[in-house]
Amino acid sequence: MRRLRNMAALGLLAGLVIALGGHTASAEEPNVTCTRTRSCTVTAEKPAKPPHPNADGQQRNHNSAGSQRAKNAQKRFAAALAVYDRQLARYKRCLRASRNAAACGRAPESPWLGGDSFSGPGNRPITAGQAAAIAVARLQLPSIAPGIGPSPDLNRWNMAAVGYPLWLWADGRTRVGPISDSVGGLSVSLDAKVSSLTFRMGDGHSVTCPGVGQQWTTTVEPGAKSPSCGYSYTKPSLPNGSYTVAAIANWAVTWTSNGQSGVINVPAVDTTELPVGELQVLVR
């Protein structure tokens with residue numbers, strides 16, 4: 001009798017297993033655990049929750065949108081940099097061709113783009129060269145007045161004399177840095193120095209000198225020529241006025257960022273007025 005009851009129980013259990021198996025066809029097979037007292041427990045695994053049908057698509061769309069934002073930001077920067085390069089080339093051509101540097105106006109400003117234009121989820125970092133260009137624009141290098149000696153203020157005629165050797169130099173700050181800046185998550189180190197000077201003398205001639213020239217002092221022997229940068233006029237500006245002398249300082253900005261380095265050249269112009277006359281010597 002007990003054996004029949006046990007067989008009936010096992011039959012009922014088998015039916016339950018089949019019923020559960022039919023109800024949970026997508027799940028794993030149920031687990032059956034029986035003890036020595038012949039009581040059995042059926043445990044069915046809970047089917048895994050299927051992924052949201054749009055999850056992968058949303059992630060792909062998010063990545064695609066982030067990549068597009070980065071591309072758009074880089075295109076904007078490249079376009080602004082191209083415009084700056086064209087303006088700078090025209091400005092340099094004007095300085096070389098014009099007798100009056102003031103007619104060329106001010107030097108163009110480098111693209112002023114904040115680092116946050118290239119940061120944010122999904123955006124790729126900007127290049128070291130792009131970060132350097134932005135950092136140089138923020139630097140705002142000064143123009144340098146032309147130094148000319150001996151000064152006309154030191155003689156009783158208040159003018160420079162035709163044929164007399166003049167010393168030329170950069171009369172102002174000739175180095176900026178080293179300093180550091182941060183652009184788009186990149187650290188940029190900058191060191192700017194005046195690498196050369198071009199003086200447009202106002203009479204149609206120009207002088208280009210390496211470095212920053214040497215300043216004239218009262219200890220210089222009268223009539224001595226500058227060892228590095230000088231000029232002598234062959235015709236006077238008086239009585240028609242003064243010559244406009246322009247000093248074009250070429251700033252060479254050395255940058256280092258993310259293991260890379262380079263040099264960006266930035267011109268700066270300043271002018272001064274110089275009266276030049278002739279001294280007559282009478283011989284009796």
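Numbers here simply count residues along the sequence, with the first being 1.
Listed for the Arg200 side chain is no donor-acceptor partner under 3.5 Å among the backbone atoms of Gly202. In terms of modelled atom types and a separation under 3.5 Å, the side chain of Ser151 and the main chain of Leu154 share no donor-acceptor contact. Side chain of Trp251 to main chain of Ser143: no donor-acceptor pair is present (N/O by atom type, distance under 3.5 Å, no hydrogens or angles). At distances below 3.5 Å, at least one donor-acceptor pair connects side-chain atoms of Ser195 with backbone N or O atoms of Asn250.
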Under the side-chain contact (heavy atoms from CB on, under 4.5 Å) rule, what do Val136 and Val266 come out as? Steps first, then yes or no, please. CA-CA 9 Å; Val136 170; Val266 181; 3.9 Å; yes
Going through the distances and angles, do Ser182 and Ser187 end up as a side chain to side chain donor-acceptor pair (under 3.5 Å)? CA-CA 5 Å; Ser182 179; Ser187 177; over 6 Å; no
Could you walk me through whether Trp169 and Gln215 pass the side-chain contact (heavy atoms from CB on, under 4.5 Å) check? CA-CA 6 Å; Trp169 69 92; Gln215 184 175 357; 3.4 Å; yes
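Ile248 places none of its side-chain heavy atoms less than 4.5 Å from the side chain of Ser206. Using a 4.5 Å cut-off on side-chain heavy atoms (C-beta onward), Trp157 and Leu279 make contact. Looking at heavy atoms from C-beta onward, Tyr231 lies in side-chain contact with Met201 at the 4.5 angstrom threshold. Using a 4.5 Å heavy-atom cutoff, the side chains of Val176 and Lys193 are not in contact. Pro146 has its side chain within reach of Phe199: a pair of non-hydrogen atoms, C-beta onward, lies under 4.5 Å apart. Looking at Trp255 and Ile264, their side chains come closer than 4.5 Å, going by heavy atoms from C-beta outward. No side-chain heavy atom of Ser242 sits under 4.5 Å from any side-chain heavy atom of Leu274. Contact of the Leu238 side chain with the Met159 side chain is registered, since non-hydrogen atoms from C-beta on lie closer than 4.5 Å.
Of the candidates Leu166, Ile148, Leu168, Ile148 is the only one forming a side chain to side chain contact (heavy atoms under 4.5 Å, CB included) with Val245. Shown are Pro165, Pro150, Ser226; of these, the side chain to side chain contact (heavy atoms under 4.5 Å, CB included) with Trp216 is made only by Pro150.
Between the side chains of Thr271 and Thr244, not a single donor N or O lies within less than 3.5 Å of an accepting N or O. Under 3.5 Å, the side chains of Asp191 and Thr254 contain no donor-acceptor pair of N or O atoms.
Here OG1 of Thr174 is found 12.0 Å from CG of Leu141. Values are rounded to the nearest 0.5 Å. Here the straight-line distance linking atom OG1 of Thr256 with atom CG of Asn258 works out to 11.0 Å at 0.5 Å rounding. In this structure, the separation between OG on Ser237 and CG on Asp203 is 9.5 Å, given to the nearest 0.5 Å.
Closest approach of Pro275 to Glu273, counting heavy atoms only: CD-O, 4.0 Å. Scanning both residues, Ala249 and Ile144, for their nearest heavy atoms gives CB-CD1, 3.9 Å. Listed here is the closest heavy atom pair of Ser257 and Ala128: O-CB, 3.5 Å. Taking both residues in full, the closest heavy atoms of Val188 and Ala132 are given as CG1-CA, 4.1 Å, listed atom of the first, atom of the second, then distance. Counting all heavy atoms, side chain and backbone alike, Pro227 lies closest to Trp167 at CD-CH2, 3.7 Å. Residue Ile126 comes nearest to Gly184 through the heavy atom pair CD1-CA, 4.5 Å, listed as atom of the first residue, atom of the second, then distance.
Salt-bridge check for Asp181 with Arg138: passed, with a basic side-chain N closer than 4.0 Å to an acidic carboxylate O.
Between Tyr243 and Tyr233, a ring centre-to-centre spacing shorter than 6.0 Å is recorded.
In the hydrophobic clustering of ILVMFWY residues, with side-chain heavy atoms under 4.5 Å counting as a link, Leu190 and Val194 come out together.
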